[in-house]
Amino acid sequence: MELATTRFDRLPLWRRLDRRDWAYALLIAVAAGYAFSLYHHAMDGYEQAILAGSALGLVALGWFWPAWRWFFPLAGVLALLGIQLYQHDLARGQSAFWLKYALSSQSAIMWMCSLFFLATVIYWIGLARRSAQLARMGAGLTWAAAVMGLAGLFVRWYESYLIAPDVGHIPVSNLYEVFVLFTLITALMYLYYQAKFAAAQSGALVLPVISAAVGFILWYSFDRQAHGIQPLIPALQSWWMKIHVPANFVGYGAFSLAAMLGIGQLLAQKGWLKDRLPAAEVLDEMMYQAISVGFLFFTIATILGAMWAADAWGGYWSWDPKETWALIVWLNYAAWLHIRLVKGWRGAPLAWWAVIGLAVTSFAFLGVNMFLSGLHSYGGL
């Protein structure tokens with residue numbers, strides 16, 4: 001299906017930008033400049049390049065997706081408020097009211113988990129009642145959960161430096177942190193596509209996989225006490241982690257989103273939940289676009305991982321189980337895209353393929369860590 005375009009959409013990017021776009025770009029530039037002025041003495045050239053690239057990426061994302069212009073600053077303001085409340089004392093996380101119940105990293109992430117669960121329930125009630133109002137409420141709750149999740153990750157980053165300067169690190173180093181990142185990325189991708197395709201009912205399909213990840217976060221936190229911040233092991237003490245892991249999880253999030261949309265497409269084609277889900281053609285196009293974006297970022301992450309391996313272990317590829325399964329995931333979705341674009345397949349076969357692809361991706365993400373050993377075994381349960 002092709003989305004209708006307007007004359008405005010066909011204008012060059014620079015002619016589509018308005019004062020809000022430039023104000024947002026100025027905000028990001030000022031924030032990046034302020035961060036550089038504070039921490040440039042502790043940053044090497046690679047980290048300075050990452051800061052500059054991140055600023056440019058955030059500006060581009062805000063120009064591409066207007067909702068990002070309020071989402072990212074709001075999460076940043078909440079994170080800065082939490083950081084200010086700490087007053088350079090980590091112990092205040094258990095004594096200051098707003099930190100203890102809302103803005104410490106663990107509190108914010110627990111709010112995220114609660115809001116995602118609530119959004120899932122609201123979406124399914126809305127689907128059962130064919131209620132557009134409840135679908136909008138589900139989307140609002142999903143946005144709120146994403147804001148709290150991103151703010152929580154920012155505050156956790158600061159908390160790691162409060163423990164000790166040599167402990168501080170970006171919060172993408174263990175299963176607890178990357179599951180939070182996974183829920184955040186999957187939710188944001190869903191929110192973008194549901195707005196683009198006017199398919200709010202698809203939240204009933206996508207939120208269950210996010211809630212499943214939330215269930216893991218809660219179990220991992222309370223049963224394994226995995227929410228505690230630990231020093232990085234030597235293998236992860238690298239600036240490569242700042243770019244490899246987020247790119248990887250854009251891929252994981254997109255593939256998970258596509259699989260849930262594939263389930264919806266199969267249900268729609270069988271006539272189940274008739275008139276409650278978006279049309280099968282809409283779900284098919286959403287699935288295709290999600291896999292395309294996921295494949296792009298997973299390719300970038302795989303290349304970055306090979307470069308990191310060369311830097312850390314002296315070789316680009318060692319057929320480590322994690323590397324081997326990453327290659328399997330990449331080949332799976334490369335074949336999916338080839339079949340769709342070259343052979344013209346649509347419908348149930350590719351939907352089933354996307355669903356099975358989630359099982360392959362899940363094993364590459366978790367199964368390798370649980371059942372196989374290798375150079376990447378530091379991510380085990």
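These numbers come from the heavy atoms of this one structure, side chains and all, not from hydrogens, waters or symmetry mates.
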Please check this pair: side chain of W124 against backbone of V121, looking for a donor-acceptor N/O pair closer than 3.5 Å.
no

Rounded to the nearest 0.5 angstrom, the CZ-OG1 distance for F249 and T183 is 10.5 Å

Self-check item: Plane angle bin for W317 and W319 - parallel if under 30°, tilted between 30 and 60°, otherwise perpendicular
Solution: perpendicular

Is the closest side-chain heavy-atom distance between L150 and M112 below 4.5 Å?
no

### Message
Ring-plane angle category for W68 and F72, please: parallel below 30°, perpendicular beyond 60°, tilted otherwise.
### Response
parallel

Worksheet item: Does atom CZ of R130 have more than 12 heavy-atom neighbours from other groups under 6.0 Å away?
Response: yes

Note: W65 and L188 closest approach over all heavy atoms is CH2-O, 3.4 Å

Return yes when atom OH of Y39 has more than 12 non-hydrogen atoms of other residues, nucleotides or ligands closer than 6.0 Å, and no otherwise. no

Tightest non-hydrogen contact, residues V355 and A259, listed as CG2-O, 3.6 Å

Should we say atom CH2 of W345 is surrounded by more than 12 heavy atoms from elsewhere, each under 6.0 Å from it? no

Y288/R346 under side-chain contact (heavy atoms from CB on, under 4.5 Å): CA gap, chis, key distance, verdict: CA-CA 10 Å; Y288 161 64; R346 298 289 190 279; over 6 Å; no

In this structure, CG of L218 is separated from CZ of F179 (nearest 0.5 Å) by 12.0 Å

| query | Should the heavy atoms of other residues, nucleotides or ligands under 6.0 Å from CH2 of W240 be counted, would the total exceed 12? | reply | yes

Original post:
Are V245 and L51 connected, step by step, through hydrophobic side chains (Ile, Leu, Val, Met, Phe, Trp, Tyr) whose heavy atoms are closer than 4.5 Å?
Top reply: no

Notebook entry, point to check: Do other residues, nucleotides or ligands put more than 12 heavy atoms under 6.0 Å from W353 CH2?
Noted result: yes

With clusters defined by side-chain heavy atoms of hydrophobic residues (ILVMFWY) lying less than 4.5 Å apart, directly or transitively, does I356 cluster with V209?
no

Check the angle between the aromatic planes of Y333 and F255 and answer parallel, tilted or perpendicular using the 30° and 60° thresholds. parallel

### Task
Check whether more than 12 heavy atoms from other residues, nucleotides or ligands sit under 6.0 Å from atom CD of Q84, and answer yes or no.
no

To the nearest 0.5 Å, atom CG of D311 lies from atom OG of S238 at 5.5 Å

**Message:** Could you check whether S318 and E323, counting side-chain N and O atoms only, form a donor-acceptor pair closer than 3.5 Å?
**Reply:** yes

Quiz item: How far apart are the C-alpha atoms of T142 and F116, what are their side-chain angles, what is the distance that settles it, and do they pass the side-chain contact (heavy atoms from CB on, under 4.5 Å) test?
Solution: CA-CA 6 Å; T142 305; F116 274 139; 3.9 Å; yes

When every non-hydrogen atom of A199 is compared with those of V282, the smallest separation belongs to CB-CG1, 4.4 Å

Check: Judged by atom type as modelled, is there a donor-acceptor pair below 3.5 Å linking the side chain of S160 to the main-chain atoms of W157?
Finding: yes

How about Q94 and R92: do any of their side-chain heavy atoms sit closer than 4.5 Å? no

- prompt: Aromatic ring centroids of F64 and Y192 under 6.0 Å?
  reply: yes

To the nearest 0.5 Å, atom CG of L85 lies from atom CZ of F97 at 11.5 Å

query: Any link between F298 and L337 through a network of hydrophobic side chains (Ile, Leu, Val, Met, Phe, Trp, Tyr) touching at under 4.5 Å?
result: yes

The reported gap from CG in L118 to CG in L141 (rounded to nearest 0.5 angstrom) is 5.0 Å

Using modelled atom types and a 3.5 Å cut-off, is there a donor and acceptor pairing between side-chain atoms of S211 and backbone atoms of P208? no

Residues 245-272 vs side-chain hydrogen bond (donor to acceptor under 3.5 Å, both in side chains), sequence neighbours excluded, gives Q265-D284

Any sub-3.5 Å donor-acceptor pair from R224's side-chain atoms to W219's backbone N or O?
-> no

How about F297: does its CZ atom have over 12 heavy atoms from other parts shown lying under 6.0 Å from it? no

Item to complete: List the steps and the verdict of side-chain contact (heavy atoms from CB on, under 4.5 Å) for I125 and S131.
Response: CA-CA 8 Å; I125 294 175; S131 172; over 6 Å; no

May I ask you to test the L277-L127 pair for a side-chain heavy-atom distance under 4.5 Å? yes

Is a donor on one side and an acceptor on the other found under 3.5 Å between the side chain of S104 and the backbone of L99? yes

query = Mind checking whether Y34 and I28 sit in one hydrophobic cluster, side chains of I, L, V, M, F, W, Y counted as touching below 4.5 Å?
reply = no

Heavy-atom nearest pair, P171 first then R156, reads CB-CD, 3.9 Å

Q | Side chain to side chain, W336 and M287, heavy atoms closer than 4.5 Å | A | yes

ask   = Under 3.5 Å, side chain of E159 to main-chain N/O of S105, donor-acceptor pair present?
value = yes

Whether F365 and F182 hold their rings parallel, tilted or perpendicular, with breakpoints at 30° and 60°
tilted

CH2 of W330 to OG1 of T302, rounded to nearest 0.5 Å, is 8.5 Å

Q. Quick check: does any side chain N or O of S362 sit under 3.5 Å from a backbone N or O of L358, one acting as donor and the other as acceptor?
A. yes

Residue pairs meeting side-chain hydrogen bond (donor to acceptor under 3.5 Å, both in side chains), one or both in residues 40-49, sequence neighbours left out, come to E47-K242

For S173, is there any backbone N or O sitting under 3.5 Å from a side-chain donor or acceptor partner on E177? yes

Look at the side-chain heavy atoms of Ile, Leu, Val, Met, Phe, Trp and Tyr, link any pair under 4.5 Å apart, and say whether Y101 and V147 land in one connected group. yes

Taking the six-membered ring for Trp, are the ring centroids of W239 and W308 within less than 6.0 Å of each other? no

With a 4.0 Å cut-off on N to O distance, would you call D320 and K322 a salt bridge? no

Smallest heavy-atom separation, V206 atom then L257 atom, equals CG2-CD1, 3.3 Å

Exercise for the section: Would you check if Y24 and L58 make a side-chain contact, meaning some heavy-atom pair closer than 4.5 Å? Expected result: yes

Here the salt bridge (charged side-chain N to carboxylate O under 4.0 Å, His left out) pairs for residues 299-309, sequence neighbours left out, are none

Looking at R340 and E285, is there a salt bridge between them, counting it only when a charged N and a carboxylate O are closer than 4.0 Å?
yes

Report yes if some heavy atom in the side chain of M260 is under 4.5 Å from a heavy atom in the side chain of Y190; otherwise report no. no

>> Could you check whether any side-chain heavy atom of T120 comes within less than 4.5 Å of a side-chain heavy atom of I210, counting everything from C-beta outward?
In response: no

Minimal heavy-atom distance between G264 and L205, with the atoms involved, is CA-CD1, 3.6 Å

Note to self: Could you check whether any side-chain heavy atom of L81 comes within less than 4.5 Å of a side-chain heavy atom of V77, counting everything from C-beta outward?
What the structure shows: no

Kindly determine whether V360 and W325 satisfy side-chain contact (heavy atoms from CB on, under 4.5 Å), including the steps that lead there.
CA-CA 8 Å; V360 175; W325 275 92; 4.1 Å; yes

